[in-house]
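Inspection log for the structure reproduced underneath, given as structure tokens.
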Amino acid sequence: MKTRVIVTLKPGVLDPQGKAVHHALAGLGFSGVNDVRVGRLVELDLADGTDDAAIEDMCRKLLANTVIENYRIERA
Amino acid sequence: MKSAVIVFPGSNCDRDLATAFTAIGGSPAQMVWHGETSLPEGIDLIGIPGGFSYGDYLRSGAMAARSPIMHAVKDAAAKGVAVLGVCNGFQVLTEAGLLPGALMRNANLEFVCRDVDLTVANSQSMFTARYGEGESIRVPVAHHDGNYTADEDTLDRLEGEGRVVFRYGCTVNGSARDIAGIINDAGNVLGMMPHPERMIEPAHGGEDGRRLFEGLVEALA
């Protein structure tokens, strides 16, 4: 069972990497980019029957640092 | 004073920290592998060293913070054993929940490696008792993820409770309120990005880091 966890910086947390990518896009001539935030995608291959609570637990205990990051779970 | 230094795969300042503990503490620091589940008996001081534990995979310090030995480190910290985390060690302590906040990528995205001026913002802690309040000291930094961040309430609380013990004298990495080192609520856990163990004898170019260890030895005697 494929599951994706998308980890993003919380709104308001400064994202220096996103800023640099934004700057580089502007340098390449792409106009109209208002902001860039860079996150992380974790693909999990889980045993059938793994419940949502277990995935939530994985996110809170390791995959995301909830001090600065939010996470979103997408089940295939 | 009995001390131990935790060694993770990718630690690279473990021997520097052990040298400082041994030279100033008077007895050899014990090296403890991250896969161990207990610490040597009667330990007074635990060092979490700098480096790139687990190759900084996922987030700096994230994997190390979940390694088996950290359960024992948390138990010891809760019992009042002194814990000093330097650089990657600071990142490990925040990831482990022993200190609040997080260390993010430096604001200018650059690895910073140079001597910096620090201000001793609280000289009452067990780690800073040998320094003067507001004293300026010079200690090296070498990191990519030293940009300390926490929510405003946490920052206010840290400052209000005197838990910010070191501040940068100038902007180094974009850290909130120029925070370079903080202690926990009980005052026995310090995390700091600069490396005091790299400034303990004249051959290092200065000795400003030495008094941190001397103060600790005195406090733990």
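No hydrogens, no waters, no symmetry mates; every other heavy atom, side chains included, goes into these values. Each chain gets a letter, A, B and so on, in the order its sequence line appears, and its residues count up from 1.
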At their closest point, which heavy atom of B:A107 faces which heavy atom of A:P16, and how far apart are they? O-CB, 3.5 Å
Geometric donor-acceptor pairs, no angle filter, chain B-chain A, under 3.5 Å:
| from | atom 1 | to | atom 2 | distance (Å) |
| --- | --- | --- | --- | --- |
| B:L58 | O | A:R40 | NH2 | 2.9 |
| B:R59 | NH1 | A:L62 | O | 3.0 |
| B:R59 | NH1 | A:L63 | O | 3.0 |
| B:R59 | NH2 | A:L62 | O | 2.8 |
| B:R66 | NE | A:K61 | O | 2.7 |
| B:R66 | NH2 | A:K61 | O | 2.8 |
| B:E95 | OE2 | A:N65 | ND2 | 3.2 |

Inter- and intrachain pairs under salt bridge (Lys or Arg N to Asp or Glu O under 4.0 Å), touching residues 81-90 of chain B, at least two apart: none
Select, from B:G174, B:G101, B:A62, the one with the greatest count of heavy-atom pairs under 4.5 Å involving chain A. B:G101
Contacting region of A:L62 [heavy-atom separation from chain B under 4.5 Å]: both
B:R198 meets the salt bridge (Lys or Arg N to Asp or Glu O under 4.0 Å) criterion, sequence neighbours left out, with none
A:V13 portion near chain B, given a 4.5 angstrom heavy-atom threshold: side chain
Does B:E36 have any salt bridge (Lys or Arg N to Asp or Glu O under 4.0 Å) partners at least two apart in sequence or in another chain, and if so, which? none
